[in-house]
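To start, the structure under review is shown below, and the notes come after it.
So you know, we letter chains A, B, ... as the sequences are listed, proteins then strands, and number each from 1. All values below come from the heavy atoms of this structure, side chains included, with hydrogens, waters and symmetry mates left out.
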Protein chains: 2
Amino acid sequence: MLQKRIDDQPSISREMVREAQDILHRHLKRVGLKQTAQRDTILRSFLETRDHLSTDELHRLVQKKDPSIGYTTVYRTLKLLAECGLASEVAFHDGIARYEHQYNRRSHHHMVCTECGGSVEFFSPEVSELEAEIGRRYHYETTRHTFQIYGVCEDCRKKNSARPA
Amino acid sequence: MLQKRIDDQPSISREMVREAQDILHRHLKRVGLKQTAQRDTILRSFLETRDHLSTDELHRLVQKKDPSIGYTTVYRTLKLLAECGLASEVAFHDGIARYEHQYNRRSHHHMVCTECGGSVEFFSPEVSELEAEIGRRYHYETTRHTFQIYGVCEDCRKKNSARPA
DNA sequence: TTGAAACTGAATTTCATTTTCAATATCCGC
DNA sequence: GCGGATATTGAAAATGAAATTCAGTTTCAA
């Protein structure tokens, strides 16, 4: 899936990688889990992207660094990253779980093109206010929300009008 | 999954059932499909609820009227109902597709309890305005959006504090 | 160093969804 | 009302993503 971004160069500095690794290691220690080379490799691969990665896509990236790392480990490590706040799951409605960086990132939402799968991020504090307000009104202790907009991007509309169905 | 509503009495009048059936029948004719007793039965069962039904749940309701109707037919009919605007899919992100009435219903959103699965509906025109605004800003032709709030409802919080983990 | 505990990854299982296919029902023109 | 072409039905099988299992491997605290 495409996203309108230049994703080839690492999006994050060496120090940030170290810091993220520390967060992961502390989390592992806290919950009595172990630090492994695989988990570090997977974290580094993850940090080097800015896409919304599926387990499968991240697995492919990880394999470039270490072909012996299996899909299952990537799958489990993504859950770990989500647990310690380094990643967060983002569900577009195509039935595939995706993850994105959460580290040092202000809350945002996505608008997804249903033709090409591309997406743009946008920021909208009103949505969080709405979450709080609705929670108060119905006595829910809210934890999170999802908000996605679906549509067709400009490029796809141009393609469609050039070659209509 | 529970919803805080009295759902035993039909939520929709006889005339509305007829009207919905007409909509379905017209749709079938339009796309060259056939009117069948099963489809009518499934539509009626669907209209008699106000829950957010999974295919499986609707299948169970349908079987009370006609035990010979299979899961597959319910599944396919729900897609048909969605096609002709009588139902719409609503994803609570628990891996199960749900459908709700769309007929004569103003746009609304859901807040879902992650403990008991219960939900409340709320109305918030700001969200649609936001959809339009963000669409304009990034030159997307928007078609729809999803917005859900997740949290823990009052009842589940009481239960939790009575019997803490 | 050592051993208990956790990890790994291939394979398997799970589970909702989707497709297949042979038997059946619908409905269009007569 | 009567074919018969065409769609429908529902059981069963297939699919595909997610989750779990298990035997062998690695980590790390003492």
Touch class at under 4.0 angstrom, heavy-atom based, for B:Ser68 against every strand present: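 Sugar-phosphate only.
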
Touch class at under 4.0 angstrom, heavy-atom based, for A:Ala37 against every strand present: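 The answer is nothing, as A:Ala37 stays clear of every strand by at least 4.0 Å.
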
Residue pair B:His145 / B:Ser128, side-chain heavy-atom distance below 4.5 Å: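 Yes, at least one pair of side-chain atoms sits under 4.5 Å.
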
Exercise: do B:Gln63 and B:His59 side chains pair donor with acceptor under 3.5 Å: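 Checked: B:Gln63/B:His59 side chains pair up, N/O donor to acceptor below 3.5 Å.
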
Could you give the [atom1]-to-[atom2] distance, from [X] to [N], as a whole number of Å?
X	N	atom1	atom2	value
B:Ile96	D:dA19	CD1	P	13 Å
A:Ile69	C:dA10	CD1	C1'	15 Å
B:Leu24	D:dT8	CG	P	11 Å
B:Asp94	C:dC15	CG	P	14 Å
A:Arg60	D:dA17	CZ	C1'	14 Å
B:Asp40	D:dT9	CG	P	10 Å
A:Leu78	D:dA18	CG	C1'	13 Å
B:Gln63	D:dG10	CD	C1'	11 Å

Residue A:Arg76, side-chain heavy atoms: nucleotide from D:dA17, C:dT18, C:dT8 that is nearest: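 When the side chain of A:Arg76 is considered, C:dT8 is the closest of D:dA17, C:dT18, C:dT8.
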
Candidates D:dA17, C:dT17, D:dT8 - which lies nearest the side chain of B:Leu33: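 For B:Leu33, the side-chain atoms sit closest to D:dT8.
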
Salt bridge present between B:Asp155 and B:Lys159 (N-O < 4.0 angstrom):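 Looking at B:Asp155 and B:Lys159, the cut-off is not met.
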
Show each protein N/O and nucleotides 28-30 of chain C N/O combination with a separation under 3.5 Å, one pair to a line.
none

Distance flag, aromatic centroids of B:His110 and B:Phe92, threshold under 6.0 Å: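 Yes, the ring of B:Phe92 comes within the 6.0 Å limit of the ring of B:His110, centre to centre.
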
Under 4.0 Å between a side-chain N/O of [X] and OP1 or OP2 of [N], yes or no?
X	N	result
B:Lys79	C:dT17	no
A:Tyr71	C:dG9	no
B:Arg39	D:dT9	yes
B:Gln38	D:dG10	yes
A:Thr36	D:dT27	no

Side-chain donor or acceptor of A:His139 paired with backbone N/O of B:Glu154 under 3.5 Å: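 Pair absent, no side-chain N/O of A:His139 close to backbone of B:Glu154.
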
Check: B:His25 main-chain N/O paired with B:Arg39 side-chain donor or acceptor under 3.5 Å: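 Side chain of B:Arg39 to backbone of B:His25: no pair is present.
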
Residues A:Leu80, A:Leu28; criterion side chain to side chain contact (heavy atoms under 4.5 Å, CB included); working and verdict: CA-CA 8 Å; A:Leu80 276 177; A:Leu28 290 173; 4.0 Å; yes

Side-chain-base donor-acceptor pair under 3.5 Å for A:Lys34 and D:dT26: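 In this structure, the two groups form no donor-acceptor pair.
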
Contact nearer the 5' end of DNA chain C, comparing B:Thr72 with B:Gly95: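 Nearest-nucleotide comparison on DNA chain C picks B:Gly95.
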
Evaluation steps, side chain to side chain contact (heavy atoms under 4.5 Å, CB included), between B:His101 and B:Met16: CA-CA 12 Å; B:His101 299 195; B:Met16 289 181 105; over 6 Å; no

